[in-house]
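Read the structure below first, then the notes.
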Amino acid sequence: MAEDSSSKSPLTKYWSGYKEFWGERFSFLEHFTKFVNREKPLPRWTPSDVEEFIASDPVHGPTLKTTREAMNYGITGSIIGAVSTAGVAWKYSRSLHGAGLSLLAGGVFGWTFGQEAANHALQLYKLDTAVAQTKFLEWWDNKTQGRF
């Protein structure tokens, strides 16, 4: 016999709603669980392997290529953010630990800003990058297992 929702306690209703809310926001993690929770990890791949996938998959290849290009925005933003914030911190405080923390924080903030710039410049918001990355991992798994 199915349990009636009116018989659930308020805490149980709250908790199930909470789990459902966050489950929807982190549903992208389901794409990668079969690659993360493995007994034997996937072997490492090279940039030429990624280029081979991009050339072989006309649907997901261009999306993966654009996603990889977005990484350059993040790296550039990280370098600019790290150096500039550490420089300002060193100029005004002459504190080694303050400059080091500013270097780390500036790198993180710069990476985030760079990824946001890439999102708009490369229009990543129109692409399903998680599916493209999942398709690459499936392709790589099949290739390393000799399934095609």
Side-chain angles (χ1 to χ4, degrees), residues 2-3 5 8-9 11-91 95-148:
E3 188 174 318
S5 64
K8 290 183 179 180
S9 72
L11 184 60
T12 305
K13 286 182 193 176
Y14 172 78
W15 181 247
S16 64
Y18 184 79
K19 282 177 32 179
E20 183 179 327
F21 175 82
W22 286 110
E24 289 173 4
R25 269 103 189 125
F26 289 100
S27 63
F28 65 89
L29 294 174
E30 293 173 11
H31 292 293
F32 301 106
T33 55
K34 64 183 173 183
F35 303 110
V36 175
N37 298 331
R38 297 170 52 107
E39 284 186 30
K40 183 180 174 194
L42 283 172
R44 298 190 80 145
W45 56 83
T46 63
S48 63
D49 296 322
V50 177
E51 292 301 323
E52 182 183 343
F53 171 77
I54 290 170
S56 70
D57 191 333
V59 176
H60 301 290
T63 302
L64 186 64
K65 184 177 182 179
T66 304
T67 304
R68 290 176 57 83
E69 290 171 6
M71 184 174 58
N72 294 331
Y73 283 76
I75 291 169
T76 303
S78 185
I79 292 169
I80 292 170
V83 171
S84 63
T85 57
V88 169
W90 182 254
K91 179 180 178 182
S95 165
L96 185 60
H97 68 281
L101 289 173
S102 295
L103 182 83
L104 291 173
V108 171
F109 298 149
W111 178 272
T112 304
F113 187 77
Q115 286 298 309
E116 191 62 28
N119 190 27
H120 292 289
L122 301 174
Q123 298 181 348
L124 291 176
Y125 53 86
K126 292 182 178 180
L127 305 173
D128 195 349
T129 58
V131 169
Q133 292 172 1
T134 304
K135 292 295 181 185
F136 169 73
L137 291 173
E138 288 172 355
W139 175 85
W140 182 243
D141 187 30
N142 289 334
K143 183 177 179 183
T144 57
Q145 300 295 325
R147 294 186 204 144
F148 58 78

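Basis for what follows: all heavy atoms, side chains included, without hydrogens, waters or symmetry-related copies.
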message = For Thr85 and Phe109: C-alpha separation, side-chain torsions, deciding distance, then whether side-chain contact (heavy atoms from CB on, under 4.5 Å) applies.
response = CA-CA 10 Å; Thr85 57; Phe109 298 149; 5.9 Å; no
Shortest non-hydrogen contact from Trp140 toward Pro43 = NE1-O, 2.8 Å
query = Do Phe53 and Trp45 come close enough that some side-chain heavy atom pair is under 4.5 Å?
reply = no
key: Within residues 107-123 or reaching into it, pairs that qualify as side-chain hydrogen bond (donor to acceptor under 3.5 Å, both in side chains) - sequence neighbours excluded   = Glu116-His120, Gln123-Lys126
request  = Determine the minimum heavy-atom distance between Leu96 and Trp90, stating which atoms define it.
outcome  = N-CZ3, 3.7 Å
What side-chain donor-acceptor pairs closer than 3.5 Å can you find for residues 97-104, not counting sequence neighbours?
from, atom 1, to, atom 2, distance (Å)
His97, ND1, Ser95, OG, 3.0
Ser102, OG, Gly98, O, 2.9

ask   = Partners of Lys40 by side-chain hydrogen bond (donor to acceptor under 3.5 Å, both in side chains), sequence neighbours excluded?
value = none
query = To the nearest 0.5 Å, how far apart are CG in Leu137 and CG in Leu64?
reply = 9.0 Å
Could you list the donor-acceptor pairs under 3.5 angstrom formed by side chains in residues 76-83, with sequence neighbours left out?
from, atom 1, to, atom 2, distance (Å)
Thr76, OG1, Asn72, O, 2.8
Ser78, OG, Gly107, O, 3.1

ask   = What pairs with Phe113 under side-chain contact (heavy atoms from CB on, under 4.5 Å), at least two apart in sequence or on another chain?
value = none
key: side-chain hydrogen bond (donor to acceptor under 3.5 Å, both in side chains) contacts in which one or both residues fall within residues 49-70, not counting sequence neighbours   = Thr46-Asp49, Glu52-Lys143
